[in-house]
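Presented below is the structure to which this report refers.
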Amino acid sequence: MTITRRDWMKFTGGASAALASSPLFALDEYFRPAVSRQAAVNTITTACGICSPACGIKATVQDGVLRFVEGLPGDFSGEGHLCGKGASAAGFLYDPDRLKYPMRRTNPRKGFDEDPGWVRVSWTEALDTIAQKIADTRQQFGAESLLFVTLPAPDMWARFLNSIGVVNRIDHIDECFLTDRIIQRYTTGGKSWSVDFENSRYILLFGWDILAKTKIVHANGMVKAKSNGAKVVMFNPQFSATGKFADEWHPIRPGSDLAVALAMINIIVSENLYHKEFVDNYTNFAEFETQIRQHFQQFTPEWAERESDVPADAIRRIAREFANTRPAVAPAHKKTLCANYANASQLVHAISILNILAGTIDRPGGRYFARQFSIPGVDAVYPPPPYPPKQGRRVDGKDKLPFVLEDGGGMFSTCADGVLRQYPGMIRFAFFNAYTVLAWPQPKLGEEMLKAIPFTVAMDFLPTDTVNMADIALPSAIYLEGNDVVSRDYSAKMPQAVARTAVAPPIFEARGIPFVALELGKRLAPEFFRTPAGEFINLNTLLDEKIKRAGLGENFAEFRAKGLVTREQNFVPMTRFNTAGGGGKCQIYVPQFTREKGADPLPVWKPKREIPTADYPFYYLTFIPAVHKRLTTHNNPILAEMFGPEEPALVPAEMAAKLGIREGDRIRVTSRVGSIELKAHLTQHLRPDCVMVAHGFGHRSRLLSVSGQKGVRDGDVIPAQSADELVRAGNFAGASCIMDAVVKVERVS
Amino acid sequence: MTIAQDTAETRNLAALYLLAGRSLLTSSPQELKAVLDDAEEALPSSAREPWRAALQIGSQDLEKEYVRLFLSPDHAACLPWQSVYADPPQLLGDAHHAALAWYRRCGMEPSRENEPADHAGLLLSFYGTLVASGAAPSELALFRRQHLHWLAGFSRKLEAAARIPLYRLAAELIHALVQDPEVAP
Ligand code: SF4
C-alpha cells in the first residue's frame with residue numbers, strides 16, 4: 001500500500017486543509033510509509049570476532065537489533081560459553097562513537113588537538129579519491145611509495161594488494177606470532193594454535209599467563225588438564241593468575257626464559273631422556289646428533305641460574321620431570337614468547353626443540369595441527385592472471401631479514417623508523433585497516449610518521465588515533481555485520497566450521513574491507529577482479545562458491561541454516577611433517593638457519609635487548625588485562641567498567657618502600673625514550689626489580705567518549721627499533737620487542 | 001498560546017518542531033531555508049532575522065560543524081540519539097524500539113535504513129507532525145514524556161558546543177519547545 005500525504009493526514013486523525021497543503025508535513029525523505037512490521041524475535045548462529053578462537057555465538061535479535069548473545073552449544077572453541085569480551089558484543093556493535101559515514105578531512109594540519117574538519121562524502125567519492133591517489137602516487141613515485149598496514153587481512157584484500165604490486169604491506173603479526181610462524185615452519189612444519197591440554201600430564205609455561213588472557217578454549221583446557229592430574233609449572237616474573245593456578249611458580253628474571261630452556265635441553269639430551277621413538281623416527285636428530293649434543297653442553301643449569309635466578313636444581317628437576325612425565329608440552333601461543341624480547345627467535349626455537357624432544361608434536365597431550373575444513377580463498381575460486389612483480393624498497397627493512405622477507409608479513413616495530421629515518425619521503429600514501437599506532441612500541445614515532453605521510457586513509461569501526469590523523473576515514477563493519485565462514489583451529493582434533501552470519505546489516509554506512517578491496521580493485525586493476533565469465537566478482541557468489549567447495553553446503557544460505565558443521569573423524573597423528581626443507585621430519589638442527597641469513601641452526605644464548613643500568617635499574621613489563629583485547633575494546637563501556645577507565649602501574653611493595661611510594665601515589669616511569677605518569681598500585685605479586693603497566697590504554701583521540709584521553713600509553717617508554725638493530729641482535733625472525741625496556745621509577749611530588 | 005486551539009497556532013507550533021528537527025537532520029542550508037520559510041511566521045519576530053542570517057553559510061562550513069557536533073563529537077558531547085543518554089549509552093537501545101513503535105503505529109518509519117529511529121531530529125519532526133495532525137493531548141503528552149524530555153539537556157550541550165549561530169539558535173528553539181511544550185516560544 002502506498003500512503004499518500006492525504007492518507008497520512010487521515011490516518012493520524014485529520015488536519016486542516018492548510019496543513020495538508022504544507023510541504024512541511026509530507027512524508028518526506030526522512031520518513032516513508034511503513035513497509036516492515038515488528039519482526040519476531042529470532043536466534044542467529046554466528047561467531048565471535050574479537051579474538052582468534054572465534055567462539056560460536058547464539059544471538060538473539062529483535063526487529064533487526066541484537067539484544068543478547070550467549071555461547072553456542074557444541075562449539076569446540078567456547079564449549080557453549082563466551083568470555084566477558086564476547087558477551088559484550090552489543091557494546092561494540094552499538095558503540096555511539098562508531099564511525100558512521102565515509103569522511104574527508106578539510107583541515108590540513110594533523111595532530112590530536114586538531115579538529116580534522118571532517119565532512120561526509122559518499123562511498124563512491126571516497127573510493128574514487130583513494131583510487132586516484134593510489135594511481136597518481138604509484139605512477140609518480142613507484143609502488144614502493146604505497147604503505148598498507150592491516151591486521152592479517154581477508155583473501156580479497158590480499159588479492160587487491162597483489163594486483164597493484166604492493167611491496168610495503170605490514171600485517172599485525174610481528175607483535176604477535178611472526179617469530180613463531182617462521183621458526184615453526186622450519187622446525188615442526190608450521191604455526192599451530194592447537195594444544196591438547198586436556199590430555200597433557202605436564203604443562204610447562206614460559207611466561208604465558210593463559211588464564212588471565214581468557215581465551216576460553218585455553219582456560220578450559222588448563223582446567224581440564226589440572227582435573228586430569230597434570231602438573232603445571234610456570235616461569236613468570238609476576239605471580240600471575242596462571243602462576244597461582246600452577247603447581248610451581250618461578251619468579252624468573254625478565255627475558256631470561258631462553259637460558260632455562262637451553263639448560264633443560266642440555267639435561268634432556270645429555271641424559272638421553274628424550275622421547276626416543278618420536279625423536280628417532282620423526283626428527284633429524286640422528287643426522288645432526290653430534291652437533292646437537294656438543295652445542296647444548298655449554299648451557300649448564302648453574303649457568304642458567306646466573307642468568308635467570310631460577311635455581312639450578314629446579315631447572316634440572318623440571319627438565320627431568322618434563323621428559324619423563326608423558327605426554328608433556330611447552331605451549332607457545334602469541335606475543336608472550338614471540339614478540340616480547342630481542343631473543344625471541346632463539347627462545348621459540350628452544351621451546352620448539354623441547355616439544356620435539358617430548359615427542360608431542362601432533363600427538364595427544366601436545367601441540368598439534370588443526371584438522372580443518374579446507375576453505376578455498378578467492379585465488380583458488382577465481383584464479384587471477386599473473387600478479388605484477390613486487391619491486392621497490394621495503395620500508396620496514398624486512399629485506400635485511402631473509403626469513404621475515406620470505407614470510408611476507410612485514411614488521412610494525414621498524415615501520416616508523418623506516419618511514420622517518422631510513423627512507424624519508426619514500427612513503428607518500430598509507431592505508432591503515434583496523435590498526436592504530438597506539439599498538440606500536442614508541443607510538444610517538446608512529447604519530448610523527450602519520451604526519452609525515454602526505455595522504456593517509458584509515459578504515460576502522462571507531463575514531464581511533466590513526467583515524468584522527470587520516471585524510472579519509474572509512475567506517476568499517478564489524479564481525480557481527482557480515483557473513484563469512486569460520487574454520488576452527490584452536491580446539492580442532494576434527495574439522496568444525498561455523499557460519500558467521502550477520503546479526504544485523506552494517507550500521508549507518510559501514511562496510512567490510514572485502515568490499516573496499518573489490519571496489520578499489522575494479523578501479524585500479526579490473527582484470528584481477530573478474531570471474532572467468534568476465535563479470536566482476538560478486539562477494540556473495542564468492543562466499544557461496546567457497547561453502548560449496550569446502551563441502552559445507554550448496555551455498556551460504558544452506559550452511560547458515562546448519563550453523564555449525566562438524567566432520568566426525570578420529571585423530572590420526574601425523575607421520576610426515578611439513579617442515580620447510582626438512583624432508584618430512586621435524587628439525588631440531590635447522591640447516592636452513594645459516595649465519596649468512598643472520599640465523600643459527602641451533603638456538604644460542606642471547607640476552608634481551610635492554611638490561612638494567614644505574615640510570616634505569618628496573619625491568620619494565622606490560623600485560624593485557626583479561627577483559628580487553630589488545631587496544632580495541634577499551635571504548636566498550638561494560639569492559640571499561642570491569643577494569644576501570646585507567647590503569648595503575650603495578651609496583652612491588654619492596655621497591656615502593658625503597659622509593660617512598662605509597663598506594664595511589666602518582667609515579668613517573670622513565671626509559672631512554674620517554675616517560676609516563678600514572679598511579680601506583682602496590683603488589684606483593686611481582687619481582688622487586690620489575691614494574692608492570694597494562695597495554696591498550698592512553699588513546700589520544702578525543703572522539704572516543706569512553707577511552708579517549710584516559711590513561712597512559714605503555715609503549716611510550718618502549719624503544720622502537722630499526723631493521724639494523726634486529727640484524728645486530730640476531731633477531732632473525734623479527735620479534736618486535738614490545739616489552740623490551742628498562743626504566744627508572746620515581747614518585748611525582 | 002496553547003496548542004490545537006486554532007489551526008494557525010497548531011500550524012505554527014508544528015512548524016517550529018519541524019524546523020528544530022530538520023536543523024538536526026540536514027546540513028544543507030538550502031533545505032533548511034525552505035523549512036524556515038514555512039516556520040518563519042511561527043518564530044518570534046526577534047528571532048526571524050538571526051535565523052535568516054545564520055543560514056547565510058556555505059554548505060561545507062555547515063557540514064563541518066554538523067559532523068563535528070553530531071557525528072564525531074569530542075567525547076560524544078552532542079550525539080543526537082536518545083539511546084546514547086541511557087545507561088549504558090548505546091545506539092539502537094530501548095528508545096529506538098519505542099520510537100519505531102510510535103512511527104509504525106502511525107503507518108510510517110524512518111527512510112534511512114540501518115540508522116537509529118530515536119534521532120532527535122526525527123523525534124522532533126514526528127512530534128511536529130503529531131501536533132499538526134491533531135493528536136490527542138494525552139498522546140502528545142505521552143510522546144513528550146517518552147521521547148522529548150532528554151532534549152532539554154541535549155539543547156544545553158548543543159548551545160555550549162556550537163561554534164556557529166545556527167546551532168545556538170537551534171539549541172534555543174529546542175530548549176524552548178521541550179521546556180514547556182504546550183507553550184509556543
Ligand atoms: S575467547 Fe572471548 S573474545 Fe575470544 S573468541 Fe571467545 S568469546 Fe570471543
Side-chain angles (χ1 to χ4, degrees), chain A residues 3 7-9 11-16 18-19 22-25 27-38 62-66 90-91 93-101 103 106 115-120 463 504-510 637-638 641 702-706 708-709, chain B residues 7-8 10-11 14-15 18-19 21-22 25-27 34-35 38-39 60 63-64 66-68 71-77 79 81 83-84 87-93 96-97 100-101 103-104 106-116 121-122 125-126 128-130 132-136:
Chain A
I3 297 182
D7 294 333
W8 161 241
M9 290 306 177
F11 182 83
T12 53
S16 73
L19 279 176
S22 164
L24 284 175
F25 305 114
L27 284 170
D28 54 20
E29 62 166 302
Y30 300 101
F31 286 102
R32 66 180 184 199
V35 286
S36 51
R37 283 282 167 269
Q38 179 122 347
Q62 183 193 6
D63 206 8
V65 178
L66 177 70
L93 190 58
Y94 302 131
D95 188 327
D97 299 338
R98 280 193 67 170
L99 289 176
K100 299 168 184 82
Y101 304 95
M103 298 191 293
T106 59
D115 170 9
W118 297 120
V119 292
R120 284 169 292 178
I507 202 166
F508 293 90
E509 293 188 8
I638 299 165
E641 198 175 314
R702 306 179 67 87
L703 309 181
L704 295 166
S705 55
V706 176
Q709 312 240 306
Chain B
T7 302
T10 303
R11 181 191 191 287
L18 286 162
L19 175 63
R22 195 62 66 89
L25 286 169
T26 181
S27 65
V35 182
D38 243 44
Q60 174 152 312
E63 167 69 7
K64 266 197 282 189
Y66 184 92
V67 172
R68 189 185 72 79
L71 295 179
S72 221
D74 193 335
H75 285 88
L79 287 175
W81 297 281
S83 304
V84 169
D87 186 18
Q90 67 164 96
L91 297 167
L92 296 167
H96 158 81
H97 291 282
L100 208 50
Y103 306 152
R104 284 177 177 165
C106 296
M108 61 202 297
E109 62 190 11
S111 312
R112 292 184 189 166
E113 287 177 14
N114 311 328
E115 298 197 9
L122 294 179
S125 304
F126 180 76
T129 314
L130 282 184
S133 64

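A, B, ... follow the sequence lines: proteins, then strands. Residue 1 opens every chain. Heavy atoms only: backbone and side chains are in, while hydrogens, waters and symmetry mates are out.
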Worksheet item: Which heavy atom in B:L91 sits nearest to a heavy atom in A:F508, and how many Å separate them?
Response: CD1-CE1, 4.0 Å

Discussion item. Please find the pair of heavy atoms, one from A:M103 and one from B:S72, that lie closest to each other, and give the distance.
Written reply: CE-OG, 4.2 Å

Worksheet item: Is the closest side-chain heavy-atom distance between A:R32 and B:M108 below 4.5 Å?
Response: no

Worksheet item: Checking heavy atoms, do the side chain of A:P116, its backbone, both or neither come under 4.5 Å from chain B?
Response: neither

Item to complete: Measure B:P110 against the heavy atoms of chain A and call it side chain, backbone, both or neither at under 4.5 Å.
Response: both

Practice prompt. Any chance you could measure B:L71, atom CG, to A:L99, atom CG, to the nearest 0.5 Å?
Written response: 10.0 Å

Worksheet, complete the sentence: Here the pair of heavy atoms bringing B:V84 nearest to A:P96 is CG2-CB, 3.7 Å

Fill in: Closest heavy-atom pair and its distance - A:I507, B:N114
CG1-O, 3.6 Å

Worksheet item: Which residue out of A:L93, A:V65, A:L66 racks up the most heavy-atom pairs below 4.5 Å with chain B?
Response: A:V65

Discussion item. For B:R112, is there an ion pair with A:E509 - N to carboxylate O distance below 4.0 angstrom?
Written reply: no

Worksheet item: Could you state the interatomic distance from CG (B:L92) to CG (A:D63), rounded to the nearest 0.5 Å?
Response: 10.0 Å

Fill in: Test item: B:E63 side-chain N/O and A:R120 main-chain N/O as donor-acceptor pair under 3.5 Å
yes

Fill in: Rounded distance (nearest 0.5 Å) linking atom CG of A:D95 with atom CD of B:Q90
10.0 Å

Fill in: Closest approach of A:Y30 to B:T26 (non-hydrogen atoms, all atoms of both residues)
OH-CB, 3.3 Å

Item to complete: Mind listing the closest non-hydrogen atom pair of A:F31 and B:L122 along with its distance?
Response: CZ-O, 3.7 Å

Response to the item:
Bottom line for A:D115: the part with an atom under 4.5 Å from chain B's heavy atoms is side chain

